[in-house]
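Notes for the one structure printed next.
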Amino acid sequence: MRRVLALTGASRGLGAAVAVEAARQGFDLVLNARDEARLEDVAAACRAQGAQTRLVVGDIAAADTAPALIRAAQEHFGRVDALVHNAGVLPPLAPVAEADLGAWQHNWAVNFFAAVRLLQAALPALREQRGRAVLVSSGAAVHPYPTWGAYGTAKAALNHLAGVVAAEEPLVTVVAFRPGVVDTDMQALIRSQGAGVMPPALHVRFLAYWQEGRLQPPAAVARPLVAVARAAPPSWSGAFVAYDEARVQALLAAG
Ligand code: NAP
């Protein structure tokens with residue numbers, strides 16, 4: 001029997017690659033993002049890998065989207081084996097002293113509070129399957145980058161959330177996942193909107209990742225991420241797991 005994955009941020013970037021890789025690794029999928037046309041294209045690519053798909057189009061910052069995603073999984077597939085909260089936004093890029101609080105709150109709504117809502121909706125089903133939740137985090141969770149305060153604090157909170165839920169839920173394995181630097185729209189935004197806003201040395205560092213071909217292709221990060229969502233052992237619950245760690249590579253090698 002195919003397992004079932006509920007995935008946010010599935011329309012492009014890392015999430016689109018995760019959807020197709022999960023389909024290849026034997027998951028049926030319930031996919032969320034706001035851009036319906038892109039989501040349809042991703043779903044078609046998943047079906048080409050043999051997966052069944054359902055779409056829940058909507059803003060994950062809205063209160064009813066997360067419950068709708070999990071409800072769709074249960075109604076159409078009768079189970080949830082894995083949850084991946086991958087939707088994320090970087091802005092506002094601004095020092096704390098100058099940042100707009102409303103922009104911070106929107107950042108936290110997508111990056112953090114959506115994860116809380118998703119877990120609240122999914123935990124009963126995940127307990128039943130001894131399932132896994134992967135919260136896509138960032139190196140910015142543990143490195144304070146000037147002007148990235150909203151994003152970095154939300155991702156740090158996500159890491160802590162994984163720890164708290166791990167301590168509360170012995171039947172579910174929940175990890176925060178560090179994807180490295182991935183060649184997506186988010187990196188393009190850093191290069192274009194970071195100029196003159198981020199400290200020059202930090203902006204130049206991200207420009208160099210791109211110029212030197214050091215950004216990871218989304219598909220290369222999707223493979224370890226899906227392996228974690230499929231097979232991370234309970235002993236990892238609560239951890240901050242990087243895509244290139246030896247234990248993740250071992251999980252991949254084990255198939
Ligand atoms: P991306 O290319 O900008 O894609 C972001 C995804 O999130 C899109 O599918 C977007 O879909 C969705 N999304 C954004 N706001 C949303 C909202 N309000 N409601 C529903 N969906 C929303 O970003 P990415 O680089 O693939 O990032 C994926 C994850 O990896 C994020 O959590 C990010 O923080 C993390 N990450 C990325 C990097 C990197 O180098 N790229 C590094 C570390 C961590 P729609 O626009 O269609 O809604």
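It should be emphasised that the depicted structure is a prediction, and the values quoted were computed from it without experimental measurement. First listed ligand is number 1; within each ligand, the first listed atom is number 1. As a basis for the values below, the full set of heavy atoms in this structure was taken, side chains included, without hydrogen atoms, waters or symmetry mates.
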Donor-acceptor pairs under 3.5 angstrom involving side-chain atoms of residues 225-240: please list them, not counting sequence neighbours.
from, atom 1, to, atom 2, distance (Å)
Arg230, NE, Gln25, OE1, 2.6
Arg230, NH1, Gly255, O, 3.3
Arg230, NH2, Gln25, OE1, 3.3
Ser237, OG, Val172, O, 3.4
Ser237, OG, Val174, N, 2.9

Indicate yes or no: does Asp28 engage Arg2 in a salt bridge with an N to O separation below 4.0 Å.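 Looking at Arg2 together with Asp28, the answer is yes, because their closest N to O distance falls below 4.0 Å.
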Salt bridge flag under 4.0 Å for residues Glu169 and Arg127: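 Looking at Arg127 together with Glu169, the answer is yes, because their closest N to O distance falls below 4.0 Å.
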Between Trp104 and Phe113, does the ring centre distance come in under 6.0 Å?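 Ring centres of Phe113 and Trp104 not closer than 6.0 Å.
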By side-chain hydrogen bond (donor to acceptor under 3.5 Å, both in side chains), which residues pair with His106, not counting sequence neighbours?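 None.
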For Ala121, all residues meeting side-chain contact (heavy atoms from CB on, under 4.5 Å), sequence neighbours excluded: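 Ile70.
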So which protein residues pack against ligand 1 under 4.0 Å, heavy atoms counted?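 For ligand 1, the contacting residues are Gly9, Ala10, Ser11, Arg12, Gly13, Leu14, Asn32, Ala33, Arg34, Asp35, Gly58, Asp59, Ile60, Asn86, Ala87, Gly88, Val89, Val110, Val136, Ser137, Ser138, Tyr151, Lys155, Pro179, Gly180, Val181, Val182, Thr184, Asp185, Met186, Gln187.
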